[in-house]
There are 2 protein chains.
Amino acid sequence: MIKVAIAEDHQSLVDGINLLLKYEDDISLIGTANDGEELLQLVSKKRPHIILMDIKMPKIDGITATKNILSQYPNTKVIAFSMFDQEEAVQQMVTAGAKGYLLKNSPLEEVLTAIREVHSGNTFFDKSIKPEYVTSSSGVSTKKSILSKSEREILTLIGQGRTTSEIAAIRFTAVSTVEKHRKNMIRKLGLSGKGELLRYALEKKYDF
Amino acid sequence: MIKVAIAEDHQSLVDGINLLLKYEDDISLIGTANDGEELLQLVSKKRPHIILMDIKMPKIDGITATKNILSQYPNTKVIAFSMFDQEEAVQQMVTAGAKGYLLKNSPLEEVLTAIREVHSGNTFFDKSIKPEYVTSSSGVSTKKSILSKSEREILTLIGQGRTTSEIAAIRFTAVSTVEKHRKNMIRKLGLSGKGELLRYALEKKYDF
DNA sequence: CATGACATACCCATTATTGGGTATTTTATT
DNA sequence: AATAAAATACCCAATAATGGGTATGTCATG
């Protein structure tokens, strides 16, 4: 019997998956959580074999939750369940230790296949996930992003609508430094001007 | 027998609802669509009584689709099914003619209640929808937003990361005009500076 | 038809941001 | 320890945006 837990903030979807799993007799849904915090408690109480993990969740996001859980219970298998197929999202979940990645656009039956595949030691990624996104061979961080740490940090703040001076204040650095990072990013990414950088930041942000 | 159609880009959720409706014998799911265009075709072929309508969908968003459908088939009843409980989203759907509004965070059983209530001529709004959001008494536009038409248009573009000069080009107006509208919005809304205006635009945007 | 709200467009001085540099210090990686 | 990469911070001239005006034509409503 495969013990499964679901972490997903949309209760309607949880209920749908519940209806699906109810009729499978090798799979038992041992609990559900609507946010990351609930999930951590659920896991330590019920020790599921498999966790279906949404990325965007209140309180603790799916990536952080995955890291936490796997550091305590390394045998747990996490399957990401997300609406985003962006490279960053896939990569970060895989780096965090996820063994599979499902998309909400795909048919629900895929959940069954994924649970069984992952439980038997394999991985399972939705067909529309480009294989090159899954670089990190389950655990070790491999691919370095084009952007540096500070640059990514600033990009995130840009995506939140912060101005250069606000960012400088938040990071306790000079305005000129933030400007420098902006300019470097614009060059690195082949963009032209703040408009494109902002749109890039907004796209990349698969808001947790 | 209540004929129901679903428009929702997350197939997994559609499948879940399907599992739920399968066992209700007064309700029959006559078709599903993953985007607004599919939905329009589906409606003209199958003439559902009730449509469960996601707001955020590819090609044609739920608000536009609702308006289109109701102008052709005024007896159709639309129930919004969204992850957003923001005032604007509710208001626009109600103005477009929706008879109910469900949230994806709520239990799936609510879908059954909503379908039956709306089919019998009532309205159905999720408990967490503040009643004051549902001003427009099903059809007539009541509440005037603080912002004018051009201002809302420009705010949307700002939320997409467009710069003032890009917006001027898109709207075929002078840069100074767009600047004027920006300044007026900043004043009207009691904001200070472009950063706050951008964040306001990003918040308001429950991205279709 | 007058009034008010809106959209359009400009003026001005000030500030923010760009795009091009250079330079110094920290932090990895060899 | 040597090198490379990243982060810090500044210079400059040019452009974009702000915050404060004024002005004109349109459109709707009373």
Side-chain angles (χ1 to χ4, degrees), chain A residues 88 91-92 95 135-136 140-204, chain B residues 88 95 136 140-205:
Chain A
E88 269 74 17
Q91 223 178 80
Q92 287 198 51
T95 305
T135 42
S136 152
V140 198
S141 162
T142 308
K143 192 198 170 186
K144 75 258 161 245
S145 142
I146 319 98
L147 297 178
S148 72
K149 201 170 132 133
S150 290
E151 286 169 343
R152 282 196 304 274
E153 199 178 321
I154 289 172
L155 191 65
T156 302
L157 291 165
I158 291 173
Q160 291 167 7
R162 304 279 164 194
T163 63
T164 300
S165 43
E166 287 171 337
I167 295 172
I170 291 170
R171 292 171 38 89
F172 303 106
T173 60
V175 171
S176 57
T177 302
V178 181
E179 285 173 340
K180 182 61 175 166
H181 283 303
R182 282 186 102 120
K183 287 180 241 182
N184 285 339
M185 281 190 274
I186 289 173
R187 191 148 33 81
K188 275 188 190 180
L189 299 167
L191 308 175
S192 71
K194 76 172 111 180
E196 289 191 10
L197 185 60
L198 174 55
R199 287 195 288 279
Y200 182 88
L202 292 174
E203 272 171 34
K204 282 299 157 201
Chain B
E88 268 74 16
T95 304
S136 152
V140 198
S141 161
T142 308
K143 192 195 172 187
K144 77 252 161 250
S145 144
I146 319 100
L147 297 179
S148 72
K149 200 169 127 115
S150 291
E151 285 169 343
R152 281 198 303 276
E153 199 179 321
I154 289 172
L155 191 66
T156 303
L157 291 165
I158 291 173
Q160 290 166 6
R162 304 279 163 195
T163 62
T164 299
S165 43
E166 287 171 338
I167 294 172
I170 291 170
R171 291 171 38 88
F172 302 105
T173 60
V175 171
S176 56
T177 302
V178 181
E179 284 173 341
K180 183 59 173 169
H181 283 304
R182 281 186 102 121
K183 287 179 242 185
N184 285 340
M185 281 190 273
I186 290 173
R187 191 150 35 80
K188 274 188 188 178
L189 299 167
L191 308 176
S192 70
K194 76 172 114 180
E196 288 190 11
L197 184 60
L198 173 55
R199 287 194 287 281
Y200 182 87
L202 292 175
E203 272 171 35
K204 285 298 158 202
K205 155 180 95 170

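Scope of the values below: all heavy atoms of this structure, side chains included, with no hydrogens, waters or symmetry mates. Chain letters run A, B, ... following the sequence lines, proteins first, then strands; residues in each count from 1.
Residue Thr173(A) places none of its side-chain N or O atoms closer than 4.0 Å to OP1 or OP2 of dA7(D). Distances shorter than 4.0 Å separate none of the side-chain N or O atoms of Ser150(B) from OP1 or OP2 on dC6(C). Side-chain nitrogen and oxygen atoms of Thr177(A) include at least one within less than 4.0 Å of the OP1 or OP2 phosphate oxygen of dA9(D). OP1 or OP2 of dC10(D) lies within a sub-4.0 Å distance of a side-chain N or O belonging to Ser176(A).
Contact check of residues 159-168 of chain B against DNA chain D (heavy atom, cut-off under 4.0 Å) returns Thr163(B), Thr164(B), Ser165(B).
Across dT22(D), dA7(D), dC11(D), the shortest atom-to-atom separation from the side chain of Lys183(A) is found for dC11(D). Each of dA16(D), dT18(D), dT8(C) was ranked by its minimum atom distance to the side chain of Lys194(A); first place goes to dA16(D). Considering only the side chain of Ile186(A), dG19(C) comes nearest among dG19(C), dT18(D), dC10(C).
Inter-residue side-chain proximity for Thr163(B) and Ile167(B) is flagged as unmet; no heavy-atom pair is nearer than 4.5 Å. In this structure, the side chains of Leu157(A) and Gln160(A) come closer than 4.5 Å at one or more pairs of heavy atoms.
When Arg182(A), Arg187(A), His181(A) are each tested for a side chain to side chain donor-acceptor pair (under 3.5 Å) with Asn184(A), only one passes: Arg187(A).
Residue-level contact check: Lys149(B) touches the backbone only, with heavy atoms under 4.0 Å from sugar-phosphate atoms and none from bases.
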Candidate pair Lys180(A) and Glu151(A), rule salt bridge (Lys or Arg N to Asp or Glu O under 4.0 Å), full reasoning = CA-CA 10 Å; Lys180(A) 182 61 175 166; Glu151(A) 286 169 343; over 6 Å; no

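Here dA9(C) presents its C1' atom at 18 Å from CZ of Phe172(B), a figure rounded to the nearest Å. The CE atom of Met185(A) sits 15 Å away from the C1' atom of dG19(C) (whole-angstrom rounding).
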